[in-house]
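Here is the structure we will look at, set down as structure tokens.
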Amino acid sequence: MENIIRIAVQKSGRLSEDSLSLIKECGIKFYNGTGKLKSTATNFPIEFLYLRDDDIPGYVADGVADLGIVGENELVEKDKSVDVLKKLGFSKCRLSLAIPKSQEYPGISYFEGKNIATSYTKILGDYLKSNNINAEIHEISGSVEIAPSIGLAEGICDIVSSGSTLMMNGLKEVEEIFKSEAVLISHKGLNQEKMAIVEKLLFRINAVQTGKSNKYVLLNAPNKSLDKIISLIPGMRSPTILPLAQEGWSSVHSVLSEDQFWENIEELRAAGAEGILVVPIEKMVI
Ligand SMILES: Nc1ncnc2c1ncn2[C@@H]1O[C@H](COP(=O)(O)OP(=O)(O)OP(=O)(O)O)[C@@H](O)[C@H]1O
Ligand SMILES: O=P(O)(O)OC[C@H]1O[C@H](OP(=O)(O)OP(=O)(O)O)[C@H](O)[C@@H]1O
Ligand SMILES: [Mg+2]
């Protein structure tokens, strides 16, 4: 089939909900009832494969799927040849080395000659090699944090986000070795027809992501401060200025990133801005 693309997404887990929400926010409609391992969108030429995340890099590399959404940790670990089209900003986490809380940590030399449990043997192996540490890597596929307490290993290397799993298992994080977030990957060498569909999808994802990172700001300002206020919130091309019913005042509408808004809020207020509204943007095409 040439006029449709296949995307591999995680069936159920830490990536699933955000992957499917992103596709839905792109205006793509599809059915994903539990238990279904394949579905097709009704209003966009895309088919979904619901898989374990471990299998996604391989399926995309082999061309079974044209696109995939997967964590960078899994992608680098599987070491498959695919293109990374976009960082998606969700499922942010890190791979870290951790040891029992009670242990002194003198630095990376701690791990010399030790046994480390992990599901990420390649990433850990590369890291140890680049730090000239000889350690025994013990591969386990899940519940890695339990390993030290049952005598399986002296340290672990696993995913950390809030750190609560480490804490609950009496461990402390000592080295961050890899930072990860979800990425959109594609098969290398897609044909032109498929690339055209991928471009359309990327256009929509960009509009959703740009919308999320920006806010629509409306405020009232005395006309004498307009120049100052425009310089603080310049917007896309320039802000919209509309006269208020009250003489000498205007309403200023602009778009800016949330960070920029907080940076400028004191100066806006000092310049006389009031009645400031900050509104989310659903989609934004620059
Ligand atoms: N606590 C977390 N916070 C943020 N992101 C996470 C967290 N845990 C994992 N991730 C990211 O989400 C990906 C999927 O994690 P998950 O725990 O669902 O994987 P899994 O158990 O291997 O799932 P599967 O059954 O599909 O193999 C990880 O590879 C990582 O990129
Ligand atoms: O630092 P934290 O916020 O505690 O997150 C880290 C934990 O999250 C993931 O497991 P998950 O809860 O997804 O369960 P899983 O092991 O079944 O994949 C990961 O494998 C860690 O164990
Ligand atoms: Mg997995």
Side-chain angles (χ1 to χ4, degrees), residues 6-23 32-39 48-62 64-65 67-80 82 84-101 116-127 137-150 152-186 205 209 212:
R6 267 188 175 173
I7 184 165
V9 292
Q10 190 188 25
K11 183 176 179 295
S12 86
R14 295 275 189 167
L15 295 157
S16 311
E17 204 182 313
D18 286 336
S19 303
L20 296 180
S21 301
L22 175 65
I23 307 273
N32 70 308
T34 47
K36 213 165 171 356
L37 298 180
K38 219 169 102 171
S39 67
F48 301 88
L49 303 183
Y50 303 101
L51 304 172
R52 292 226 22 216
D53 70 342
D54 313 50
D55 297 330
I56 293 176
Y59 275 42
V60 174
D62 296 347
V64 174
L67 297 179
I69 296 180
V70 71
E72 286 171 300
N73 54 311
E74 207 56 55
L75 180 61
V76 172
E77 180 62 27
K78 291 294 181 288
D79 199 17
K80 298 285 181 186
V82 298
V84 175
L85 298 183
K86 205 157 183 37
K87 289 192 183 247
L88 298 175
F90 57 82
S91 299
K92 287 190 174 172
C93 57
R94 53 196 187 272
L95 266 183
S96 292
L97 283 161
I99 62 171
K101 241 190 299 206
I116 311 172
T118 190
S119 314
Y120 296 93
T121 55
K122 179 190 152 38
I123 297 178
L124 176 60
D126 289 351
Y127 179 83
I137 298 178
H138 192 97
E139 183 172 6
I140 47 179
S141 59
S143 302
V144 174
E145 291 92 345
I146 204 176
S149 68
I150 58 172
L152 198 65
E154 288 133 316
I156 65 151
C157 172
D158 199 20
I159 289 169
V160 183
S161 175
S162 66
S164 71
T165 309
L166 289 184
M167 208 170 73
M168 282 188 299
N169 287 284
L171 300 171
K172 63 180 177 189
E173 186 176 4
V174 290
E175 302 283 344
E176 175 184 306
I177 73 166
F178 189 84
K179 259 190 180 334
S180 178
E181 66 182 88
V183 285
L184 178 69
I185 56 172
S186 80
I205 292 175
Q209 287 193 329
K212 273 194 186 146

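Read the numbers this way: they start at 1 and go in the same order the structure lists the ligands and their atoms. Since the structure is predicted, the reported quantities are computational estimates derived from the model, not experimental observations.
Only backbone heavy atoms of K92 (N, CA, C or O) come within less than 4.0 Å of ligand 1; its side chain stays farther off.
For atom 23 (O) of ligand 1, the nearest protein heavy atom lies closer than 4.0 Å.
The side-chain heavy atoms of L166 and E145, taken from C-beta on, include a pair separated by under 4.5 Å. In this structure, the side chains of T118 and T121 come closer than 4.5 Å at one or more pairs of heavy atoms. Taking 4.5 Å as the limit, every side-chain heavy atom of I56 sits out of range of all side-chain heavy atoms of L75. For the pair E77 and D54, the minimum side-chain heavy-atom distance is 4.5 Å or more. Put simply, the side chain of E72 reaches to within 4.5 Å of the side chain of E181, judged on heavy atoms. The shortest distance between side-chain heavy atoms of K172 and I99 falls below 4.5 Å. Here the side chains of L49 and K38 are in contact, with some heavy-atom distance below 4.5 Å.
Ranking protein heavy atoms by distance to atom 29 (O) of ligand 1, first place goes to N73 ND2, 2.9 Å. For atom 6 (C) of ligand 1, the nearest protein heavy atom (residue, atom name, distance) is C93 SG, 3.9 Å. The closest protein non-hydrogen atom to atom 14 (C) of ligand 1 is D53 OD2, 3.3 Å. Nearest protein neighbour of atom 25 (O) of ligand 1, counting heavy atoms only, is R52 NE, 3.2 Å.
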Inset, instruction - Starting from the C-alpha separation in whole Å, work towards a yes-or-no answer on side chain to side chain contact (heavy atoms under 4.5 Å, CB included) for K87 and V183. - result: CA-CA 4 Å; K87 289 192 183 247; V183 285; 4.0 Å; yes
Inset, instruction - For side chain to side chain donor-acceptor pair (under 3.5 Å), just list the numbers for Y50 and S12, CA-CA rounded to whole Å, side-chain angles, deciding distance to a tenth of an Å, and then say yes or no. - result: CA-CA 8 Å; Y50 303 101; S12 86; over 6 Å; no
Inset, instruction - Let me see the working for V144 and S119 under side chain to side chain contact (heavy atoms under 4.5 Å, CB included), right down to the final yes or no. - result: CA-CA 8 Å; V144 174; S119 314; 3.5 Å; yes
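No more than 12 heavy-atom neighbours from other residues, nucleotides or ligands sit within 6.0 angstrom of CD on E17. The number of heavy-atom neighbours closer than 6.0 Å to CZ of F178, taken from other residues, nucleotides and ligands shown, is above 12.
At a 4.0 Å heavy-atom cut-off, the residues surrounding ligand 2 are R14, E145, D158, I159, V160, S161, S162, G163, S164, T165, listed by chain and number.
Counting the atoms of ligand 1 from 1 in the order shown, those under 4.0 Å from a heavy atom of S161 are 1 (N), 2 (C), 3 (N). Atom numbering of ligand 1 starts at 1 in the shown order; those under 4.0 Å from a heavy atom of G13 are 18 (O). Numbered from 1 in the order shown, with element, the atoms of ligand 1 that lie under 4.0 Å from a heavy atom of G71 read 31 (O).
Around atom 13 (C) of ligand 1, the closest heavy atom drawn from V70, L15, I159 belongs to L15. By heavy-atom distance, the residue among R14, Q10, K11 lying nearest atom 12 (O) of ligand 1 is R14.
Atoms CG and NZ, on L171 and K101 in that order, are 8.0 Å from each other to the nearest 0.5 Å. The NE2 atom of H138 sits 12.5 Å away from the CD1 atom of I116 when rounded to the nearest 0.5 Å. Remark: D55 CG to K78 NZ distance equals 8.0 Å, nearest 0.5 Å.
Taking distances strictly below 2.8 Å, the protein N/O/S atoms close to the Mg ion (ligand 3) are D53 OD1, D54 OD1.
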